[in-house]
Visitor: 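One structure, pasted below without further comment.
Each chain gets a letter, A, B and so on, in the order its sequence line appears, and its residues count up from 1. Excluded from the calculations below are hydrogen atoms, water molecules and symmetry mates; all remaining heavy atoms, backbone and side chain alike, are included.
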Amino acid sequence: MEEVRVRFPPSPTGYLHIGGARTALFNWLFAKQHNGKLILRIEDTDEERSTQASIDGIIDGLQWLGIDWDEGPYFQTEFAADHIAAANRLLAAGHAYKCFCTKEELEKKRETALAEKKREVGYDGTCRHLSAEQISEKEAQGLDAVIRFKVPERPGTMFYDDEVLGRIERAYSEIEDFVIVRSNGKPLYLLCNVVDDIRDRITHIIRGQDHMTNTTRQVLLYEALGAKLPVFAHMPLTLDLQKRKISKRSHGEIVAVQFYRDRGFIPWALCNFLCLLGWNPGTDQEFFSRDELIEAFSLSRMSRVNSVFNFKPGDPKFFTDPKLIAVNEHYLRTMDLEQLGALVRRELEAEHLWEPAYETSRRDWFLATLGMIRDRFHTLKDFTAAGRAYFSDSYDIDPKPLAKNVLKFPELRDWLPLLAERFAALTDFSALESERVCRELADELAVKPGTLINGMRTVLTGQLAGPSMFDVVVALGQERVVARLRHIDRLFAAA
RNA sequence: GUCCCCAUCGUCUAGCCAGGUCCAGGACACCGGCCUUUCACGCCGGCAACACCGGUUCAAAUCCGGUUGGGGACGCCA
């Protein structure tokens with residue numbers, strides 16, 4: 001059986017965005033499932049807009065997501081000779097012709113058509129029937145020419161069978177003669193893309209529905225070049241809440257893959273979320289391991305309906321799609337602790353809070369602590385923010401619980417140091433013992449244990465809420481707990 | 001405007017191709033409850049949709065037609 005070969009061909013004119021990442025993901029899944037190959041091809045023929053920063057961003061983004069490729073990255077500009085050769089072949093075979101109409105002339109025609117008939121028009125075919133004589137005459141005048149593809153003059157419609165949409169038909173008469181080579185001799189996307197796909201022996205082209213009109217034209221190109229047609233699969237698009245196509249340009253960082261890395265998302269959580277946008281397994285399963293997803297994936301279960309990426313700029317709760325946050329939370333609290341540990345390590349390192357002992361003598365403590373605090377977290381960033389007090393003595397006290405749990409009870413200024421001494425005296429610093437001592441003291445002072453406990457939590461962790469207090473106390477360790485409870489004057493002094 | 005694609009809860013979607021088991025199922029979000037010295041997690045429950053009109057049929061979310069609505073494309077961009 002023929003080897004499955006798919007490709008991801010981004011144009012390096014901006015960072016990798018989630019729509020592109022989803023396209024890459026689907027191609028990757030398809031390749032993996034069929035033991036095929038994924039080819040990464042950078043389509044950099046737009047010299048004015050292509051940048052090295054974009055190339056790096058795209059590659060970084062794919063690597064972070066865990067989407068690996070088998071060949072490439074190839075750069076389209078390196079194959080310029082192939083593209084030109086193909087154009088010349090089409091010209092020689094009568095499948096294309098030189099067109100001397102200038103941009104200005106065409107622009108003018110478009111404007112007039114729009115004004116008079118209130119409609120857009122395609123190319124009118126002015127140069128399509130130029131005689132050899134006329135052509136050499138114009139060339140002798142030194143006129144610039146583009147090369148246009150000569151759409152076959154046939155009645156009826158052309159068609160291709162789309163793996164997700166079914167048969168797509170379009171009347172030949174609706175397809176205008178499109179440009180394949182610029183007047184400066186540089187071939188255009190429509191041609192380059194096909195030539196590269198033929199050379200790379202691409203068997204399946206999985207891309208967005210926004211390419212559908214390109215596909216109809218490219219199918220004609222395959223035919224003219226005498227190449228076998230690959231299978232096409234057009235995926236639904238991802239839109240914003242206003243139903244506009246999402247783009248880096250109009251939506252900013254929120255659609256950039258980079259944003260999710262910087263905000264502490266787990267790469268696979270993003271993949272898992274993205275694959276559910278426009279595809280579903282036909283069961284209620286929503287969380288997939290890498291291997292499960294590779295096995296479950298299929299083009300036939302791809303949706304034909306565009307999906308909305310649900311976020312509301314300015315709303316902290318909806319800073320990105322809440323479902324994406326939920327998926328991330330799911331992985332955060334269910335994933336293997338060692339794997340989580342590796343991700344958290346990077347966060348700690350970035351904040352200079354990482355200690356090598358977390359990998360050796362304190363490894364068990366480290367993983368157990370992560371297991372204890374992760375239930376309340378949303379992203380990896382929380383480990384160094386809300387969870388900072390577990391890894392550092394330098395942490396902020398949230399003003400809200402400070403007022404509510406500490407400052408509201410001035411007596412705590414004496415009580416907590418008192419508790420510190422009781423803790424210091426313990427030889428068995430366990431959850432059970434520390435709780436006993438704490439309740440004992442509350443009893444003696446005739447206050448509710450909650451007053452002591454909540455004050456303690458705020459002082460020890462800086463947070464309003466957290467895991468069971470006496471588990472926290474054990475995780476923090478006797479020394480830290482005692483020290484933090486002893487020195488609370490500064491909290492009251494500041495207030 | 002022309003061509004192409006699409007139409008189920010606020011969002012992601014199942015069901016549609018092979019009509020009845022669907023007064024439409026799951027998830028997120030939201031609301032309520034349980035649990036809890038806190039807050040989460042977890043568990044239980046609730047709110048909430050077949051765009052509209054017509055046709056076919058004993059029977060339509062499902063098939064057909066139309067309307068409306070949405071999206072995409074219409075570059076010497078990719």
Visitor: Testing the 3.5 Å rule here: is there a donor-acceptor pair between the side chains of A/H378 and A/E329?
Guide: yes

Visitor: Would you tell me whether A/Y97 and A/R148 have side-chain atoms, one donor and one acceptor, within less than 3.5 Å of each other?
Guide: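 Checked: A/Y97/A/R148 side chains show no N/O donor-acceptor pair below 3.5 Å.
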
Visitor: When we call it a touch if two heavy atoms are under 4.0 Å apart, what does A/E169 touch: a base, just sugar-phosphate, or nothing?
Guide: sugar-phosphate

Visitor: Write down the distance between CG (A/L332) and P (B/rG42), rounded to a whole number of angstrom.
Guide: 12 Å

Visitor: What is the distance from CG of A/D443 to P of B/rU37, rounded to the nearest Å?
Guide: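 That distance rounds to 17 Å.
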
Visitor: When the C1' atoms of B/rC64 and B/rU57 are considered, how many whole Å apart are they?
Guide: 12 Å

Visitor: How does protein contact run along nucleotides 12-18 of chain B, one letter per nucleotide 5' to 3', with B for base contact, S for sugar-phosphate only, - for none, heavy atoms under 4.0 Å?
Guide: BSSS---

Visitor: With sugar-phosphate meaning primed atoms plus P, OP1 and OP2, does A/P467 contact a base, only sugar-phosphate, or nothing at under 4.0 Å between heavy atoms?
Guide: base

Visitor: Answer yes or no: is there a donor N or O on one side and an acceptor on the other, between the side chain of A/R388 and the main chain of A/Y395, under 3.5 Å?
Guide: no

Visitor: Which class fits the ring pair A/F149 and A/H95: parallel under 30°, tilted 30 to 60°, perpendicular over 60°?
Guide: parallel

Visitor: Is a salt bridge present between A/D177 and A/R128, judged by a nitrogen-to-oxygen distance below 4.0 Å?
Guide: yes

Visitor: Expressed as a whole number of angstroms, how long is the span from A/M235:CE to B/rC6:C1'?
Guide: 16 Å

Visitor: Between atom CG in A/L191 and atom C1' in B/rC76, what is the gap in whole Å?
Guide: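 In whole Å, B/rC76 C1' lies 13 Å from A/L191 CG.
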
Visitor: For atom P, what is the distance between B/rC9 and B/rA51, given to the nearest Å?
Guide: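 Rounded to whole Å, the distance is 7 Å.
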
Visitor: State which of B/rG70, B/rC76, B/rG72 makes the closest approach to the side chain of A/K103.
Guide: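 Selected nucleotide (nearest to the side chain): B/rC76.
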
Visitor: Quick one: look up who B/rA49 pairs with, Watson-Crick or G-U, both distances under 3.5 Å, and put none if it's unpaired.
Guide: none

Visitor: Take atom CG of A/D398 and atom C1' of B/rU38, then tell me their distance rounded to the nearest Å.
Guide: 13 Å

Visitor: Measuring from the side chain of A/D210 (C-beta onward, heavy atoms only), which nucleotide among B/rC5, B/rA73, B/rC77 has the closest atom?
Guide: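 For the A/D210 side chain, the nearest candidate turns out to be B/rA73.
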
Visitor: Using atom P of each nucleotide, how far apart are B/rA49 and B/rC23 to the nearest Å?
Guide: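 Per the computed distance, 15 Å lies between those P atoms.
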
Visitor: Please give the distance between the C1' atoms of B/rG42 and B/rA24 as a whole number of Å.
Guide: 29 Å

Visitor: Report yes if at least one side-chain N or O of A/R182 is closer than 4.0 Å to OP1 or OP2 of B/rA78; otherwise report no.
Guide: yes

Visitor: Which of these nucleotides, B/rA73, B/rG70, B/rA78, is closest to any side-chain atom of A/T213?
Guide: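 Nearest to the side chain of A/T213 among the choices is B/rA73.
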
Visitor: Of A/G466 and A/R333, whose nearest nucleotide on RNA chain B comes first from the 5' end?
Guide: A/G466

Visitor: In whole angstrom, what separates A/K312's NZ from B/rC28's C1'?
Guide: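 Distance, rounded to whole Å: 12 Å.
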
Visitor: For A/D44, what residues pass the side chain to side chain donor-acceptor pair (under 3.5 Å) criterion, not counting sequence neighbours?
Guide: A/T77

Visitor: In terms of side-chain geometry, is the basic nitrogen of A/R41 or A/D200 positioned less than 4.0 Å from the acidic oxygen of its partner?
Guide: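 A/D200 and A/R41: salt-bridged.
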
Visitor: Taking the same atom, P, in B/rC3 and in B/rG66, what whole-Å distance lies between them?
Guide: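 So the two P atoms sit 13 Å from each other.
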
Visitor: What does B/rC34 pair with, Watson-Crick or G-U, if both distances are under 3.5 Å?
Guide: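 In the structure as shown, B/rC34 has B/rG42 as its Watson-Crick or wobble partner.
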
Visitor: Is it the case that A/T215 and A/R207 place a side-chain donor and acceptor less than 3.5 Å from each other?
Guide: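 A/T215 vs A/R207: donor-acceptor pair found between side chains.
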
Visitor: Could you check whether A/S468 gets within reach of a base, just the sugar-phosphate, or nothing at all, counting any heavy atom under 4.0 Å?
Guide: base

Visitor: Any strand counts, and the cut-off is 3.5 Å on both contacts for Watson-Crick or G-U wobble. Which nucleotide pairs with B/rU68?
Guide: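 Base partner found: B/rA7.
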
Visitor: Which whole-number value in Å describes the distance from A/E440 CD to B/rU37 P?
Guide: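 Interatomic distance, CD of A/E440 to P of B/rU37: 19 Å.
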
Visitor: Between A/R457 (side chain) and A/P467 (backbone), is there a donor-acceptor pair under 3.5 Å?
Guide: yes

Visitor: At 4.0 Å (heavy atoms only), tell me whether A/I168 reaches a base, stays on the sugar-phosphate, or touches nothing.
Guide: sugar-phosphate

Visitor: Out of B/rU37, B/rU38, B/rA40, which has the shortest distance to the side chain of A/A465?
Guide: B/rU38

Visitor: Give one of base, sugar-phosphate or nothing for A/V179, where a contact means two heavy atoms less than 4.0 Å apart.
Guide: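 Sugar-phosphate contact only.
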
Visitor: From B/rC28, B/rU37, B/rC76, pick the nucleotide closest to the side chain of A/P322?
Guide: B/rC28

Visitor: Using the six-membered ring wherever Trp is involved, compare the ring planes of A/Y189 and A/H211 and label them parallel, tilted or perpendicular (cut-offs 30° and 60°).
Guide: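 Rings of A/Y189 and A/H211: tilted, 30 to 60°.
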
Visitor: What about A/R49, does its side chain sit under 3.5 Å from the base of B/rC77 through a donor-acceptor pair?
Guide: yes

Visitor: Applying a 4.0 Å non-hydrogen cut-off, can you work out what A/I453 is touching in the nucleic acid: base, sugar-phosphate, or nothing?
Guide: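 Contact class for A/I453: base.
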
Visitor: Please determine whether a side-chain nitrogen or oxygen atom of A/R170 lies at a distance below 4.0 Å from atom OP1 or OP2 of B/rC5.
Guide: no

Visitor: Are the side chain of A/T451 and the backbone of A/V447 linked by a donor-acceptor contact shorter than 3.5 Å?
Guide: no

Visitor: By the 4.0 Å heavy-atom rule, please label A/K245 as base, sugar-phosphate, or nothing.
Guide: sugar-phosphate

Visitor: Would you mind classifying the nucleic acid contact of A/C101 as base, sugar-phosphate or nothing, using non-hydrogen atoms under 4.0 angstrom?
Guide: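 Counting heavy atoms under 4.0 Å across all strands, the contact made by A/C101 includes a base.
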
Visitor: Please report the distance separating the C1' of B/rG10 from the corresponding atom of B/rC74, rounded so that it comes out in whole Å.
Guide: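 Result for the C1' pair: 33 Å, nearest Å.
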
Visitor: Considering Watson-Crick and G-U wobble pairs with both distances under 3.5 Å, what does B/rA61 pair with?
Guide: none

Visitor: Do A/R376 and B/rC39 share a donor-acceptor pair, side chain to base, under 3.5 Å?
Guide: yes

Visitor: Would you check if the side chain of A/W279 reaches a backbone N or O of A/S298 as a donor-acceptor pair within less than 3.5 Å?
Guide: yes

Visitor: What's the closest nucleotide to the side chain of A/N310 if the choices are B/rC6, B/rG10, B/rC41?
Guide: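 Side chain of A/N310 sits closest to B/rG10.
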
Visitor: Quick one: A/M158 CE to B/rC3 C1', roughly how many Å, whole number?
Guide: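 Atom CE in A/M158 sits about 13 Å away from atom C1' in B/rC3.
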
Visitor: For atom P, what is the distance between B/rC12 and B/rG71, given to the nearest Å?
Guide: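 Those two atoms are separated by 14 Å.
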
Visitor: At under 4.0 Å between heavy atoms, what does A/T102 touch on the DNA or RNA strands: base, sugar-phosphate, or nothing?
Guide: base

Visitor: Under 4.0 Å, counting only non-hydrogen atoms across every strand here, what does A/F470 touch: a base, just sugar-phosphate, or nothing?
Guide: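 Result for A/F470 = base.
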
Visitor: Does A/E329 or A/L241 map to a spot on RNA chain B nearer the 5' end, using the closest nucleotide for each?
Guide: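 It is A/L241 whose nearest nucleotide is closer to the 5' end.
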
Visitor: Using a cut-off of 4.0 Å on non-hydrogen atoms, how would the nucleic acid contact of A/D144 be classed: base, sugar-phosphate, or nothing?
Guide: nothing

Visitor: Does any nucleotide pair with B/rA29 by Watson-Crick or G-U wobble geometry, both distances under 3.5 Å, and what is it?
Guide: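 With both distances under 3.5 Å required, B/rA29 matches none.
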
Visitor: Taking the same atom, C1', in B/rG20 and in B/rC63, what whole-Å distance lies between them?
Guide: 14 Å

Visitor: Counting side-chain heavy atoms from CB outward, which of B/rG42, B/rU37, B/rC76 is closest to A/R457?
Guide: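 From the listed options, B/rU37 comes nearest.
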
